[in-house]
Each structure stands twice: as structure tokens, then as C-alpha cells.
Amino acid sequence: QVQLVESGGVLVQPGGSLRLSCAASGRTLSCTNRGWFLQAPGKEREFVASINWSGSSISYSDSVKGRFTISRDNGKNTVYLQMNSLKPEETAVYYCAAGLHGSDYHRVDYWGQGTQVTVSS
């Protein structure tokens, strides 16, 4: 059994920065790709970023490319999402994922419970 626990979601002003963390427990996920999705109110969950086990292959959605950075620390079984220049439309619940099969949220092996990020002045 795998548990993913996100942290770091808060209220931040437009243009601000935030770092989310996702710690895994239950079994090591060092050989598993990890990622982040977001879900805004009334909308479907959408892909944000993913990283393979070694960090050598990283993908971002077009909307966050150049502003968000995904990274991982396999020793801590943790993945991070550094978010810069945040926009109000990025207000959403951010979900950590493990075992992604592409960017389709229907094809994820494990989910965290989500952490709320609110971008507002």
C-alpha cells in the first residue's frame, strides 16, 4: 500500500511563488515516475508536470512551462513542485500522483489527498 501526502498549499498573491511537497510512504517509489495534477472548481483534473525515476525525463503542461519546476529526492521518497509567477486561474487543488501512464489522469496508479492552492490578492 502506498500513501502520498501533499503539503505546502496556501494562499498566495498573484505573481508569487510556492513550493509543494509530496511524501510517499508504504513502499519506496524510487523507481516509479511521479507527477502533479491540478483540479480547479468545476473542472476536470489536468496534468501539470511529471518526472521519471532518475529525473532525466521531465514533462510540463504548456501553461506552466518556464514557471514551474518539478524535482524529486529519492532518498526521502519525496517529489516537489516549485511554482513561480502564479496566476489567479491556477487556484486549484493540487494532487500528487505516482505511477503515471502519460498525462491522462484516468491512468494514474496512486493519488494523494490534494492540497489547496489559492492565488488571490
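Bear in mind the structure is a predicted one, so any value in this text is a computation, not a measurement.
Under a 3.5 Å cut-off, the side chain of Asn33 and the backbone N or O of Leu100 do form a donor-acceptor pair. Side-chain atoms of Asp73 do not come within 3.5 Å of backbone N or O of Thr78 as any donor-acceptor pair. Remark: the backbone N or O of Ser25 is not paired with any side-chain donor or acceptor of Asn77 at under 3.5 angstrom. With Asn52 contributing its side chain and Gly55 its backbone, the two residues share a donor-acceptor pair below 3.5 Å.
Pairs passing the disulfide bond (SG atoms under 2.5 Å apart) check and including a residue from residues 53-121, sequence neighbours excluded, read Cys22-Cys96. Here disulfide bond (SG atoms under 2.5 Å apart) pairs that include residues 37-84, with residues two or more places apart or in two chains, number zero. Within the structure, disulfide bond (SG atoms under 2.5 Å apart) pairs that include any residue of residues 32-88 do not occur (at least two apart or interchain).
Residues satisfying the side chain to side chain contact (heavy atoms under 4.5 Å, CB included) test with His106, not counting sequence neighbours, are Asp104. With sequence neighbours left out, the salt bridge (charged side-chain N to carboxylate O under 4.0 Å, His left out) criterion links Arg67 to Glu90. Residues satisfying the side chain to side chain contact (heavy atoms under 4.5 Å, CB included) test with Asp62, not counting sequence neighbours, are Lys65. Remark: Glu44 pairs with Tyr105 by the side chain to side chain donor-acceptor pair (under 3.5 Å) rule, at least two apart or across chains. Ser63 is linked by a side chain to side chain donor-acceptor pair (under 3.5 Å) to Ser61, counting only residues two or more places apart in sequence or in another chain. Listed by chain and number, the residues in a side chain to side chain contact (heavy atoms under 4.5 Å, CB included) with Asn84 are Ser17, Gln82 (sequence neighbours excluded). Looking at residues two or more places apart in sequence or on another chain, you find no ring pair (Phe, Tyr, Trp, His ring centres under 6.0 Å) involving Phe68. Listed by chain and residue number, Ser21 satisfy the side chain to side chain contact (heavy atoms under 4.5 Å, CB included) test with Ser7 (two or more places apart in sequence, or in another chain).
If you take OG on Ser71 and CD1 on Ile58, they are separated by 7.5 Å, rounding to the nearest 0.5 Å.
The shortest heavy-atom contact between Ala49 and Leu81 is CB-CD1, 4.3 Å. Nearest heavy atoms, Val79 versus Arg34: CG1-NH2, 3.6 Å.
Taking hydrophobic clusters as Ile, Leu, Val, Met, Phe, Trp and Tyr residues chained together by side-chain heavy-atom distances below 4.5 Å, Tyr94 does not share a cluster with Leu4. Under the 4.5 Å side-chain heavy-atom criterion for grouping Ile, Leu, Val, Met, Phe, Trp and Tyr, Leu86 is not connected to Leu11 through any hydrophobic cluster. In terms of hydrophobic clustering, with Ile, Leu, Val, Met, Phe, Trp and Tyr side chains grouped at heavy-atom distances under 4.5 Å, Phe37 and Val5 are assigned to different clusters. Note: the hydrophobic cluster containing Ile70 also contains Leu38 (ILVMFWY, side chain heavy atoms under 4.5 Å, direct or indirect links). Hydrophobic clustering, with ILVMFWY side chains joined whenever heavy atoms are under 4.5 angstrom apart, keeps Phe47 apart from Trp36.
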Please output the side-chain donor-acceptor pairs of residues 111-121 that fall under 3.5 Å, not counting sequence neighbours, one pair per line with the distance.
unit_1, atom_1, unit_2, atom_2, d
Gln113, NE2, Glu6, OE1, 3.3
Thr115, OG1, Gly9, N, 3.2
Gln116, NE2, Ala92, O, 3.4
Gln116, NE2, Thr118, OG1, 3.4

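Cation-pi geometry between Arg72 and Tyr80 is not met: the NZ or CZ atom fails to fall both under 6.0 Å from the ring centre and inside 45° of the normal.
Asp109 and His101 are linked by a side-chain donor-acceptor pair at a separation below 3.5 angstrom, with hydrogens and angles left out of the test.
The closest side-chain heavy-atom distance from Thr69 to Tyr60 is below 4.5 Å.
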